[in-house]
Amino acid sequence: MVRLAADEPFEPRTVAGLDVTYEPGSGRCAAAVVVLDAGTLEVVDESTAFGTAAFAYVPGLLAFRELPPLMAALGELTVVPDVLVCDGYGIAHPRRFGLASHLGVVTDRPTLGVAKNPFTGVYEPPGDDRGCWSELREDGETLGRVLRTRRGVKPVFVSVGHRITLDRATDLVLALCTRYRLPEAIRRADRLSRRLLRGSSGSPAAEGEPGTGRPVDPVERQQARLRDGRAYR
DNA sequence: GCGACAG
DNA sequence: ATCTTGTCGC
């Protein structure tokens with residue numbers, strides 16, 4: 001297994017953005033993963049999965065709600081991304097283990113979290129220019145950064161998930177924010193999951209690629225990959 | 001005790 | 001997260 005040393009340059013070639021969209025009334029949801037070329041930001045691969053929320057949203061338990069559909073979607077990818085950009089928090093969590101942390105451990109991939117709203121910790125507003133940031137702290141420790149990705153816009157909250165430093169996470173987020181407040185990878189995943197959920201009313205299991213000898217069910221396919229040691233190892 | 005609280 | 005039009009500003 002290839003593992004980077006703490007001070008080794010981190011040059012991801014592919015970056016995955018992840019997101020889940022929910023249907024208003026029911027617990028029906030759609031997860032999407034969009035993989036971009038880290039240099040050109042062009043789409044390299046994308047995958048989706050339908051799901052049903054197992055329980056109502058509870059602050060602090062987001063990972064347990066979104067991990068299943070996100071893992072199902074990840075299992076549909078044809079590539080293993082170099083880093084996962086999650087919609088939410090990593091270490092900046094009441095128990096220091098948010099969605100990005102979970103996804104990192106389960107996939108054994110570098111991960112980071114980008115949140116649109118504050119959760120836990122205190123901070124001062126960062127400067128108005130793109131790239132300005134302030135520390136998100138709690139109990140004398142640094143949990144993440146409040147980062148301005150565009151001049152004058154509301155900052156985002158960046159935190160480490162797994163196998164990445166806060167410096168690299170910050171750099172990567174800025175590199176992914178070329179035109180909007182949020183990283184391009186997350187915006188793409190958001191759009192895809194929305195489109196998927198809107199454009200389907202009945203059968204929640206109409207996904208899959210026919211003709212391939214692999215399992216059509218996302219969960220089974222992911223399990224098969226793990227058995228073969230080909231995914232996230 | 002009360003309020004706040006990622007998506 | 002989602003319900004939702006127009007509107008102000010760069």
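Order of the sequence lines sets the chain letters (A, B, ...), proteins ahead of strands, with each chain counted from 1.
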**Message:** If only side-chain N and O atoms count, and only distance matters, is there a donor-acceptor pair under 3.5 Å linking A/Glu66 with A/Tyr22?
**Reply:** yes
**Request:** Please determine, by modelled atom types, if A/Glu124 and A/Ser134 share a side-chain donor-acceptor pair under 3.5 angstrom.
**Result:** no
**Request:** Going by the side-chain contact (heavy atoms from CB on, under 4.5 Å) test, name the single residue among A/Val114, A/Leu62, A/Leu136 that passes it with A/Tyr89.
**Result:** A/Leu136
**Item:** Candidate list A/Leu84, A/Val106, A/Leu103, A/Thr107, test side-chain contact (heavy atoms from CB on, under 4.5 Å), partner A/Leu70, passing option
**Value:**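 With A/Leu70 as partner, A/Leu84, A/Val106, A/Leu103, A/Thr107 yield a single side-chain contact (heavy atoms from CB on, under 4.5 Å), made by A/Leu103.
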**Request:** Indicate yes or no: does A/Arg188 engage A/Asp19 in a salt bridge with an N to O separation below 4.0 Å.
**Result:**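 Not counted as a salt bridge, because no side-chain N and carboxylate O are separated by less than 4.0 Å.
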**Basic-acidic side-chain contact under 4.0 Å: A/Arg96, A/Glu141** = yes
**Asked** What nucleotide among C/dT2, B/dA6, B/dG7 has an atom nearest to a side-chain atom of A/Phe119?
**Response**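 Nearest nucleotide to the side chain: B/dA6.
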**Message:** Checking contacts here: which listed nucleotide (C/dT2, B/dG7, B/dA6) is nearest the side-chain heavy atoms of A/Arg194?
**Reply:** C/dT2
**Prompt:** So does A/Asn117 get a side-chain nitrogen or oxygen closer than 4.0 Å to the phosphate oxygens (OP1/OP2) of B/dG7?
**Reply:**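 Checking A/Asn117 against B/dG7: at least one side-chain N or O falls below 4.0 Å of OP1 or OP2.
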**Message:** So, does A/Lys116 get its side chain near the phosphate of B/dA6, meaning an N or O under 4.0 Å from OP1 or OP2?
**Reply:**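 No, A/Lys116 has no side-chain N/O under 4.0 Å of OP1/OP2 on B/dA6.
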Calculate the interatomic distance between [X] atom [atom1] and [N] atom [atom2]; express it in whole Å.
X        : N     : atom1 : atom2 : result
A/Lys154 : B/dA6 : NZ    : C1'   : 12 Å
A/Leu182 : B/dA6 : CG    : P     : 15 Å
A/Leu62  : B/dA4 : CG    : P     : 21 Å
A/Asp19  : C/dT2 : CG    : C1'   : 13 Å
A/Phe55  : C/dA1 : CZ    : P     : 17 Å
A/Leu70  : C/dA1 : CG    : P     : 14 Å
A/Asp190 : C/dT2 : CG    : C1'   : 12 Å
A/Tyr123 : B/dA4 : OH    : C1'   : 13 Å

Answer with base, sugar-phosphate or nothing: what part of the nucleic acid does [X] contact at a heavy-atom distance below 4.0 Å?
X        : answer
A/Leu61  : base
A/Gly113 : nothing
A/Tyr57  : base
A/Pro94  : nothing
A/Thr21  : sugar-phosphate
A/Arg151 : nothing

**A/Phe64 atom CZ, neighbour heavy-atom count above 12 within 6.0 Å** =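 No, because the 6.0 Å sphere around CZ of A/Phe64 holds 12 heavy atoms or fewer from other groups.
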**Asked** Just by distance, do the side chain of A/Arg148 and the backbone of A/Gly127 share a donor-acceptor pair under 3.5 Å?
**Response** yes
Atom pairs, protein N/O to nucleotides 3-10 of chain C N/O, distance under 3.5 Å:
none

